[in-house]
Amino acid sequence: MAGADKKGKKEKILRQPMPEQEPAVRAKNFDEVPLGQSAEAAMLEAARCLQCKKPACVKGCPVEVDIPGFIDFVKAGDFTAAISRVWEKNSLPAVCGRVCPQESQCEGLCIVGKKGEPVAIGNLERFVADYERKNKKAALPAIAESTGKKVAVIGSGPSGLTVAGDLIQKGHEVTIYEAFHKPGGVLVYGIPEFRLPKEIVFSEVEGLEEMGVKLDCNNVVGRTVSLDELFEEGYDAIYLGVGAGLPTFLNIPGENLIGILSANEYLTRSNLMKAYRSEYDTPIIKGKNVITLGAGNVAMDSARTALRLGAETSRIVYRRSREEVPARQAEVHHAEEEGVEFFFLTSPVEFLGNEKGRLTGMVGLKMELGEPDASGRRRPLAVEGSEFELDCDLAIISVGAGANPLLTQSTKELELNKWGYIVADENTGKTSKKGVWAGGDIVTGSATVILAMGAGRLAADSIHDYLTLGW
Amino acid sequence: MFEIVKREEMSGGTVILNEISAPLIAKKAKPGQFVILKANETGERIPLTMANTDPEKGTITVIYMVVGKSTALFKDLKVGDIYQDVIGPLGEPTHLEKVGKVVCVGGGTGVAVLHPITRGLKEAGNDVTCIIGARTKDLLILEKEMKAASHDLKVCTDDGTYGHHGFVTDVMKKLLDEGDVKLVVGIGPVPMMKAVSNITKEYNVKTLVSLNPIMIDGTGMCGGCRVTVGGKTKFACVDGPEFDGHKVDFDELMLRLQAYTEDEKKAHEEHCDLKK
Ligand SMILES: Cc1cc2nc3c(=O)[nH]c(=O)nc-3n(C[C@H](O)[C@H](O)[C@H](O)COP(=O)(O)OP(=O)(O)OC[C@H]3O[C@@H](n4cnc5c(N)ncnc54)[C@H](O)[C@@H]3O)c2cc1C
Ligand code: SF4
Ligand code: FES
């Protein structure tokens, strides 16, 4: 899809579109929304890259993937060399190509984007990762000679997977402990199939297992085994990548009615337990009129899942205005296309129920924007007397997550901040407990996949130094 | 692998005992804690409080009533079969200390949950009287075990086919009237725990109950198990499962337990039809 530019000097290639399922169709199924690009489209897209000497995009990438480098290989049609180049910095490209907020990272800084649309870096990353998964041509990273050291990684989210991958390559023995019965963390229990097919995550984990990483699921560290017991068992170092698994509720009247779930519960039932498939036993409430509170990625995922489970209306209720929506633009766009309605500047006040304790509605209150607060965002203020009712039989609370205290409380000597997150050195991930590192959402609070991976990489380097040189 | 090493049917086949190989959990578990079990890939995660553990053998014992599709699926498992997933020990253990005279009240399969707690309280040096009940004689479980775990065992049946004719609460009231009871532990169906708590409140005797709300993860991650205790929301899987019976909102719990009953009934019927 090339078109002549205004000056007509050189034919300018437009950003290659990502083919997608039609909104009306996809809103009724759980298949992935974007369908993936052809090799031709990827190569055309790669040709749009200017191969900057000082690439701005790389500065926007938390793990500093050599973006022009891999794109150059794509342009030449050498997808295997391209994936190897990406792997040098990013071990989960099929995941990141799908869920990273590129518009505020690499693509947000891309020079081509100053005058038109930026190079579709995310789509290219996804393309090369998918190509490799199908064709399996690239050589797996080499594994260094065994050091005889043992590392325990707690939590199998993107952060823990990154640490495991890095350290197994450096010759250490690595075991991942995971509380759930399946690995992947939020990638598996939180992010829905239509955005990130689970097969991709499991294939990444299988890759790690092939390299020698051991996986121990159904092990709730802090309950099944303690950190000190792991050290007694002979582990030399421990990485904590346990995520921010604590749901936040609104603390408003009626919140314990049947039909009000945290996004964590709703998404876990649907994604991890596969409640959307009839052959799976876990039940899920299939709301007719669904309200999702909050407007982050998690809220978009919930509201879109509700549509796919048969909701007639799926509404997002958010206290602030459209400008403040924290979700990725692409997610908001997809949700709107599929028919999710937005109620901005609306605050939930109370839930209403019937005699069976089931949710029947929600009272909302209109807000208006006041003076900017400390963060520079205009603060929403209640408009007095503006209460109104919305019918609903399912409400999904998606207003953020906190630090789950299960492990941290059972482990003395771990310094926590006032919100209960683990205090870890920014450059190394070292915690206050000797031999223990931490990173990802349990340190930063809910953030992104790539930041959790970046923290994992730093910690892996520091752990390697410790195992070879000392604390 | 979580292999079933022993299986028994009780209460005319409506209650099943499984002893399961789970060495890590058996080593760690304390009275009052629970596990989450999942039979196979498509199965549901079901929380069950442990009735016994054997750290040497590396086994845990659960006793459950067959009520829906998932427990019907569990029932189909034979000795040598495996549970795909067993997670635990979860929840806070019972606080076992010497307080003096203690009354343990159990109803239905709650008796199974009560068993290790009763034994623990006795071992802690308390004078433990146990009252267990069932609708009718054939449904009574663990009589022998409860007798051994306590100093004195009293048995009730609603229909008078065995032991005292009447409810466990009648017998408990008599004991409370005698005075000196320092602690009551009541575990059974929610209406029974509510009745026990209402009575002990009048006597101002501290009461522990063990709650069984719907759960998914069992690690405080979803909030599906939330219960109201003393006006505050608590997560039963991490803050409990035991709570002060005088503060629990039992009515809310009873409603919340109905969240999926319609679906469950349908699924169970389909499961039974398939087996025909
Ligand atoms: C619905 C949803 C959508 C999201 N969408 C995006 C997106 O589009 N883009 C993006 O970049 N980010 C997104 N995020 C955020 C992103 O997923 C997280 O920032 C990231 O997964 C954090 O990684 P982590 O490794 O720190 O933790 P997690 O992914 O949370 O993994 C932690 C793992 O540790 C396990 N664990 C916890 N406690 C224990 C214990 N005691 N013992 C053993 N195991 C334990 C947990 O079960 C879990 O598997 C989303 C999050 C959610 C919930
Ligand atoms: S900033 Fe854009 S054009 Fe420059 S190297 Fe990066 S992707 Fe290519
Ligand atoms: S079962 Fe999920 S928080 Fe308790």
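Chain letters run A, B, ... following the sequence lines, proteins first and then strands; every chain starts at 1. Any value given below was found using the heavy atoms of this structure, including those in side chains, with hydrogens, waters and symmetry copies removed. All values reported here derive from a predicted model rather than from experimental measurement.
Interface remark: A:Ile284 contributes backbone atoms only to the contact with chain B (heavy atom separation under 4.5 Å). Within the 4.5 angstrom heavy-atom criterion, atoms from both the backbone and the side chain of A:Thr224 approach chain B. Only the backbone of B:Gln84 comes within contact range of chain A, with heavy atoms under 4.5 Å apart. Residue A:Lys274: no heavy atom, backbone or side chain, is found under 4.5 Å from chain B. Contacts of A:Tyr266 with chain B are absent, with no heavy-atom separation under 4.5 Å from either backbone or side chain. For A:Arg358, the part sitting under 4.5 Å from any heavy atom of chain B is the side chain, from C-beta outward, and nothing else. Proximity to chain A (any heavy atom under 4.5 Å) is restricted, for B:Cys237, to the backbone atoms N, CA, C and O. Only the backbone of A:Leu257 comes within contact range of chain B, judged by heavy atoms closer than 4.5 Å. Neither the backbone nor the side chain of B:Ile36 comes within contact range of chain A, judged by heavy atoms closer than 4.5 Å. Looking at B:Ile214, only its side chain comes within 4.5 Å of chain A, counting heavy atoms on both sides. Heavy-atom distances place both the backbone and the side chain of A:Leu246 under 4.5 Å from chain B.
A 6.0 Å sphere centred on NZ of B:Lys78 holds more than 12 heavy atoms belonging to other residues, nucleotides or ligands. Taking a 6.0 Å sphere around NZ of A:Lys150, one finds it holds more than 12 heavy atoms contributed by other residues, nucleotides or ligands.
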Practice prompt. Quick one: do B:Phe2 and A:Asn218 satisfy side chain to side chain contact (heavy atoms under 4.5 Å, CB included)? Show the steps, please.
Written response: CA-CA 11 Å; B:Phe2 305 99; A:Asn218 295 324; 4.1 Å; yes
Worksheet entry | Worked check of side chain to side chain contact (heavy atoms under 4.5 Å, CB included) between B:Asp217 and A:Phe180 | CA-CA 7 Å; B:Asp217 55 300; A:Phe180 268 129; 3.7 Å; yes
Worksheet item: Step by step, would you call B:Asp85 with A:Lys182 a side chain to side chain contact (heavy atoms under 4.5 Å, CB included)?
Response: CA-CA 10 Å; B:Asp85 304 291; A:Lys182 285 217 166 95; over 6 Å; no
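Here the closest heavy-atom approach between residue B:Gly220 and residue A:Pro247 is recorded as O-CD, 3.5 Å. Looking at every heavy atom in both residues, A:Glu279 comes nearest to B:Thr42 through O-CB, 3.3 Å. Nearest heavy-atom pair across A:Asn404 and B:Met221 is ND2-N, 4.0 Å. Contact detail for B:Leu255 and A:Glu355: the closest heavy-atom pair is CD2-O, 4.2 Å. When all heavy atoms of B:Cys222 and A:Ser262 are compared, the closest pair comes out as O-OG, 2.5 Å.
When side chains are defined from C-beta on, B:Lys28 counts as touching A:Glu229, because their heavy atoms get closer than 4.5 Å. Inter-residue side-chain proximity for A:Asn219 and B:Ile87 is flagged as unmet; no heavy-atom pair is nearer than 4.5 Å. Here the side chains of B:Leu24 and A:Val225 are not in contact, with every heavy-atom distance at 4.5 Å or above.
Chosen from B:Lys38, B:Lys27, B:Met254, B:Gln33, the residue pairing most often with chain A at heavy-atom distances under 4.5 Å is B:Lys38. Ranked by heavy-atom pairs shorter than 4.5 Å toward chain B, the options A:Met273, A:Arg277, A:Glu255, A:Glu265 are led by A:Glu265. Chosen from A:Leu272, A:Asn251, A:Ile285, A:Leu406, the residue pairing most often with chain B at heavy-atom distances under 4.5 Å is A:Ile285.
In terms of modelled atom types and a separation under 3.5 Å, the side chain of A:Arg223 and the main chain of B:Ala29 share no donor-acceptor contact. Listed for the A:Thr282 side chain is no donor-acceptor partner under 3.5 Å among the backbone atoms of B:Glu44.
Between the side chains of A:Asn256 and B:Arg256, not a single donor N or O lies within less than 3.5 Å of an accepting N or O.
One finds the CG atom of B:Asn40 at 7.0 Å from the CG atom of A:Asp281 (value rounded to the nearest 0.5 Å). Atom CD1 of A:Ile260 and atom CZ of B:Arg226 lie 7.0 Å apart (nearest 0.5 Å).
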